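Written below as structure tokens is the structure these notes are about.
Values below: all heavy atoms of this structure, side chains included; hydrogens, waters and symmetry mates excluded. Predicted, not measured: the structure shown is a model, and the values here were computed from it.
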Amino acid sequence: REVKTIGHFLPNMLVMSLIKYLLDGFIARTWASQKSALGSALDPLADKILISVLYVSLTCANLIPVSLTSMIVLRDIVLIVAVFYVRYKTLSPPRTLLRYFNPCYATAQLKPTFISKMNTAIQLILVAASLAAPVFNYVDSVYLQTIWCITAFTTATSAYSYYHYGRKTVQVINNK
């Protein structure tokens, strides 16, 4: 019964999020006037929250291993902490909470690495494959386990790329 509830909730959430993701990207590329500091700050955070919720839900349904979900969530937490640190370092004095959390005052922009973009795509492919697994009876398939391994590899590689390229992935916008 619990899997049925998750089974109906997750596919709908995935479809809605993919439509939002594609539409948001299309609008931002097509109409430059639709870009905002708030949007550029909230969009990556929303993506990380979406991936985390999907993976935790699929792990609760025993469709994705706990270790893989832990790896993905931990990587995202480390990235969020790094963004907060960069924000602190690039914010000019006086550093007040009001200025720190003002999304209209952008001081830096994180440029995702190529492997990070690939990782996001692979993570979403795994979500779709995991949702389909019980329907098509391949929950214990070696192919699904292979996607787990590929996802773990790209997640680790993505985390390392941010560590290794560090300063090259951050563009300081305003240092006033």
(message) The criterion is ring pair (Phe, Tyr, Trp, His ring centres under 6.0 Å); which residues satisfy it with Tyr160, sequence neighbours excluded?
(response) His164
Anything under 3.5 Å between a donor and an acceptor, one on a side chain of residues 141-151, the other on a protein residue two or more places apart or in another chain? List them.
| residue | atom | partner | partner atom | Å |
| --- | --- | --- | --- | --- |
| Ser141 | OG | Tyr143 | N | 3.0 |
| Thr146 | OG1 | Val142 | O | 2.7 |
| Thr151 | OG1 | Ile147 | O | 2.7 |

(message) Nearest 0.5 angstrom please: Tyr165 OH to Ile115 CD1, how far?
(response) 10.5 Å
(message) A side-chain contact here means heavy atoms from C-beta on lying under 4.5 Å apart; do Asn62 and Val139 qualify?
(response) no
(message) Please check if the number of heavy atoms outside Tyr163 that lie under 6.0 Å from its OH is greater than 12.
(response) no
(request) Say whether Leu124 and Leu126 are linked into one hydrophobic cluster, either directly or through other cluster members, by side-chain heavy-atom distances under 4.5 angstrom. (result) yes
(request) Measure across Tyr138 and Ala132 and return the closest heavy-atom pair with its distance rounded to 0.1 Å. (result) OH-CB, 3.3 Å
(request) Linking directly or through intermediates, with side-chain heavy atoms under 4.5 Å: list the remaining ILVMFWY members grouped with Phe153, chain and number order. (result) none
(request) Measure the shortest side-chain to side-chain distance between Val127 and Leu131 over non-hydrogen atoms and say whether it is less than 4.5 angstrom. (result) yes
Under 3.5 Å, which donor-acceptor pairs do the side chains of residues 75-87 form with other protein atoms, sequence neighbours left out?
| residue | atom | partner | partner atom | Å |
| --- | --- | --- | --- | --- |
| Arg75 | NE | Ser158 | OG | 3.2 |
| Arg75 | NH2 | Ser116 | OG | 3.3 |
| Arg75 | NH2 | Ser158 | OG | 2.8 |
| Arg87 | NE | Tyr100 | O | 2.9 |
| Arg87 | NH1 | Tyr105 | O | 2.4 |
| Arg87 | NH1 | Thr107 | OG1 | 3.4 |
| Arg87 | NH2 | Arg99 | O | 2.8 |
| Arg87 | NH2 | Tyr100 | O | 3.1 |
| Arg87 | NH2 | Asn102 | O | 3.1 |
| Arg87 | NH2 | Tyr105 | O | 3.1 |

(message) Check for me, please, whether Ile122 and Leu58 land in the same ILVMFWY cluster - side-chain distances under 4.5 Å, paths through other members count.
(response) no
(message) What I'd like to find out is whether the side chain of Ile49 reaches to under 4.5 Å of the side chain of Leu45, using heavy atoms alone.
(response) yes
(request) Taking the side chain as every heavy atom from C-beta outward, state whether Pro112 and Thr169 have any pair of such atoms under 4.5 Å apart. (result) no
(request) Any chance you could measure Ile64, atom CD1, to Tyr55, atom OH, to the nearest 0.5 Å? (result) 5.0 Å
(message) Clusters formed by hydrophobic residues whose side-chain heavy atoms approach within less than 4.5 Å: which one holds Leu98, and what are its other members?
(response) none
(message) Rounded to the nearest 0.5 Å, what separates atom CG in Leu91 from atom CZ in Phe101?
(response) 10.5 Å
(request) Any chance you could measure Met71, atom CE, to Thr155, atom OG1, to the nearest 0.5 Å? (result) 6.5 Å
(message) So which atom in Pro65 and which in Thr59 form the shortest heavy-atom distance, rounded to 0.1 Å?
(response) O-OG1, 4.0 Å
(request) Apply side-chain contact (heavy atoms from CB on, under 4.5 Å) to Met118 and Thr154, showing your working. (result) CA-CA 8 Å; Met118 292 299 299; Thr154 60; 5.6 Å; no
(request) Mind checking side-chain hydrogen bond (donor to acceptor under 3.5 Å, both in side chains) for Thr113 and listing every partner two or more places apart, or none if nothing turns up? (result) Ser161
(request) With sequence neighbours left out, write down each residue that passes side chain to side chain contact (heavy atoms under 4.5 Å, CB included) with Ser70, or none if nothing qualifies. (result) Val66
(message) Give me the atom names and distance for the closest heavy-atom approach of Leu63 to Ser130.
(response) CD1-O, 3.6 Å
(request) Under the side-chain contact (heavy atoms from CB on, under 4.5 Å) rule, what do Val170 and Thr90 come out as? Steps first, then yes or no, please. (result) CA-CA 11 Å; Val170 176; Thr90 58; 5.6 Å; no
(request) For Thr69 and Val56, run side-chain contact (heavy atoms from CB on, under 4.5 Å): C-alpha distance rounded to whole Å, both residues' side-chain angles, the deciding distance at 0.1 Å, then the answer. (result) CA-CA 6 Å; Thr69 297; Val56 168; 4.0 Å; yes
